[in-house]
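A short worksheet on the structure shown next.
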Amino acid sequence: MPTRFYNTLTHNLDEFKPLRPGPDASNPLVGSDIRMYSCGPTVYDYAHIGNFRAFLFADVLHRYLAFLGANVRQVMNMTDVGHMTDDQLADGAGRDKLELAVEKMKQNKKSGRALVDNPNDPYQVAGYFIQAFLQDARTLGLAVVLEHDAADATHRENIMPRPTQHIPEFIALIERLIAAGHAYVAGDGVVYYDVRSFADYGRLSGNSLERLSHGAGGRVSEQAAKRHPADFFLWKPDQTHIMRWPSPWGEGYPGWHIECSAMAMGILGESLDIHTGGEDNIFPHHECEIAQSQGATGKPFANFWMHTRHLMVNGEKMSKSKGNFFIIRDLVQKGYDPLVIRYALIATRYREPMNFTLQSLHEAAAAIATLRDLAQRLTGAVAAVDEAAGDGDGAAHTPTLEPGEQTMLDEFTRAMDDDLNISGALAAVFSWAGPLARQRKFTYPQARSALQSLRRVDGVLGVVFAPLRPLPAQTVARVNELMQQRAAARTAKDFAAADLLRQQLTTLGVEVKDTPSGAVWQARLAPMQP
RNA sequence: GGCCGGAUGCCCGAGUGGACUAAGGGAGCGGAUUGCAAAUCCGCGAUUCGUGGGUUCGAAUCCCACUCCGGCCUCCA
């Protein structure tokens with residue numbers, strides 16, 4: 001069965017064929033070289049779970065293509081030039097978000113909560129939120145961030161580029177567009193993209209220039225300087241802007257679509273396999289990216305455009321005014337392991353609207369625990385035999401897949417091939433893992449083989465073998481203390497005291513299990529109550 | 001106003017014409033085990049798929065109408 005994804009560009013479920021296929025024509029994904037670009041975070045605030053749903057969708061896509069044997073190169077930008085805040089965006093009027101972030105930082109400094117040394121410096125403010133983002137993304141297991149971490153400093157900019165480091169490329173692309181007749185310098189000195197010069201403008205979003213000019217929104221600004229109301233700016237000269245750079249059109253700042261076109265093409269080449277983002281990116285951002293890139297190169301910019309649906313919280317649209325949004329560090333603070341958040345956010349198929357609740361985190365914790373316990377027991381069973389045989393990694397044994405295991409992998413693949421139907425894929429995993437986990441003992445070949453298969457699917461899921469968030473050292477010390485007290489209480493048959501101690505341990509985020517060889521504890525994946 | 005999704009058990013969520021006597025996860029209930037604990041194990045749970053029509057030998061799955069929910073058209077993933 002072919003791998004098919006929903007392509008926003010064609011409004012259709014299309015078979016995914018890599019632009020640079022592998023050597024085997026019957027299975028071109030194996031050994032293929034896939035280039036994907038994902039619209040990343042803006043870094044003038046903490047990313048919230050809605051943002052991360054989109055990044056995690058791209059991550060699951062990345063990991064699944066790798067699961068199929070592809071070599072995936074994913075680039076994700078971190079937007080460190082501000083975007084305008086009010087609705088005059090096509091012209092670049094309005095307050096810059098980074099500027100607002102700078103002001104917020106100044107307020108924090110006054111109130112004694114200094115996050116950066118110099119809150120007047122937008123680069124420091126952006127730098128702070130970049131680090132915060134990387135930290136959150138790392139704990140959630142975003143492969144692109146792990147690759148970024150592993151790379152040396154010079155290569156990092158090619159994995160998670162920042163617009164402020166690529167301004168000359170933006171200028172070069174704008175010059176190219178002017179030369180090609182797709183952009184013009186208007187009477188107000190601003191460089192605009194001429195949407196009427198690009199016949200396909202509107203194809204991605206299903207908009208037409210006609211509708212855009214007469215839409216009930218009516219927000220497409222009428223401005224005399226522009227040739228068409230939908231024309232959007234590429235460069236705006238502005239001596240007073242918080243971040244500005246010299247350019248042929250005067251000192252100023254770039255438009256907010258040009259960064260993705262320039263960086264994606266500069267790093268990955270002029271034609272990409274896949275471009276991802278949230279559904280709100282479809283128009284105008286991605287529409288404008290296509291116009292810019294294809295206007296300059298005449299080549300298709302991206303073969304597949306994939307977009308994730310928005311996240312709702314407790315049945316309502318997430319919005320700052322309602323205050324119903326979560327950021328990762330707050331949830332972690334409440335006692336949820338980041339892997340639980342990861343699972344909850346990926347367990348609903350990316351193209352379905354998803355409702356996030358704290359209850360969903362608890363369900364995720366329970367689901368993960370089953371798989372993690374199984375993995376632990378399988379690992380133990382394998383390690384015991386390998387050690388006894390003096391065969392450190394068990395290399396002498398070639399695991400053969402058990403029939404049920406092959407079925408699981410086949411069903412997992414079939415579901416994921418169907419536009420990343422992760423619910424179906426998870427059902428396959430649990431149908432196999434559930435009965436297996438109920439077995440008291442494993443034979444060595446069985447455990448070894450099962451472990452390998454679990455590792456394979458977890459290459460996509462990323463929640464089974466990744467380490468949990470470590471508990472602070474002082475918590476661990478306290479836990480050990482309470483564990484000893486509890487053991488003593490149980491020996492004395494003072495079960496009331498033992499249960500009270502268990503309660504205290506639970507509050508510390510620890511789960512206690514009594515085994516024949518004594519009590520053991522492990523960090524809880526989620527707090528007791530939502 | 002235009003465009004686009006969705007409605008499946010207590011909750012989340014697969015399933016797109018016959019193997020659906022509706023996957024999987026969570027919560028619940030009954031039992032086993034245990035310390036009257038935690039964990040674990042066994043068992044139970046939608047005759048029904050928003051409502052009403054229609055097509056068909058056969059529909060959760062196709063068509064029509066209606067109701068409700070959500071999204072986009074403007075920043076936001």
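By convention in this document, chain letters (A, B, ...) are assigned in the order of the sequence lines, proteins followed by strands, and residues within each chain are numbered from 1.
For A:Arg456, the side chain to side chain contact (heavy atoms under 4.5 Å, CB included) partners two or more places apart in sequence, or in a different chain, are A:Phe67, A:Leu409. A search for salt bridge (charged side-chain N to carboxylate O under 4.0 Å, His left out) contacts involving A:Asp136 returns A:Arg329, not counting sequence neighbours. In this structure, A:Asp337 has no salt bridge (charged side-chain N to carboxylate O under 4.0 Å, His left out) partners at least two apart in sequence or on a different chain. Every side chain to side chain contact (heavy atoms under 4.5 Å, CB included) that A:His310 has, sequence neighbours left out, goes to A:Glu279, A:Asp280. Under the side chain to side chain contact (heavy atoms under 4.5 Å, CB included) criterion, A:Glu481 pairs with A:Arg478, A:Gln485, sequence neighbours left out. Applying the side chain to side chain contact (heavy atoms under 4.5 Å, CB included) criterion to A:Asp200, with sequence neighbours excluded, gives A:Phe198, A:Arg203.
A heavy atom lying under 4.0 Å from RNA chain B marks the following residues of residues 482-492 of chain A, by number: A:Arg486, A:Arg490.
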List every contact pair, protein side and nucleotides 5-11 of chain B side both N or O, where the distance is under 3.5 Å.
| unit_1 | atom_1 | unit_2 | atom_2 | d |
| --- | --- | --- | --- | --- |
| B:G5 | O2' | A:Arg309 | NH1 | 2.9 |

Dump every N/O contact between nucleotides 21-24 of chain B and the protein below 3.5 Å, one line per pair.
none

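With 3.5 Å as the limit, one finds no donor-acceptor pair spanning the side chains of A:Asp231 and A:His228.
Applying the side chain to side chain donor-acceptor pair (under 3.5 Å) test to residues at least two apart or on different chains, none of the pairs has a partner in residues 428-438 of chain A. For residues 421-430 of chain A, the set of pairs meeting the side chain to side chain donor-acceptor pair (under 3.5 Å) definition, not counting sequence neighbours, is empty.
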Pairing pattern in dot-bracket form [Watson-Crick, G-U; both distances under 3.5 Å; | = partner strand] for RNA chain B:
((((((((.[[[..)..(.....]]].(((((.......))))).....[[[[[..)....]]]]])))))))....

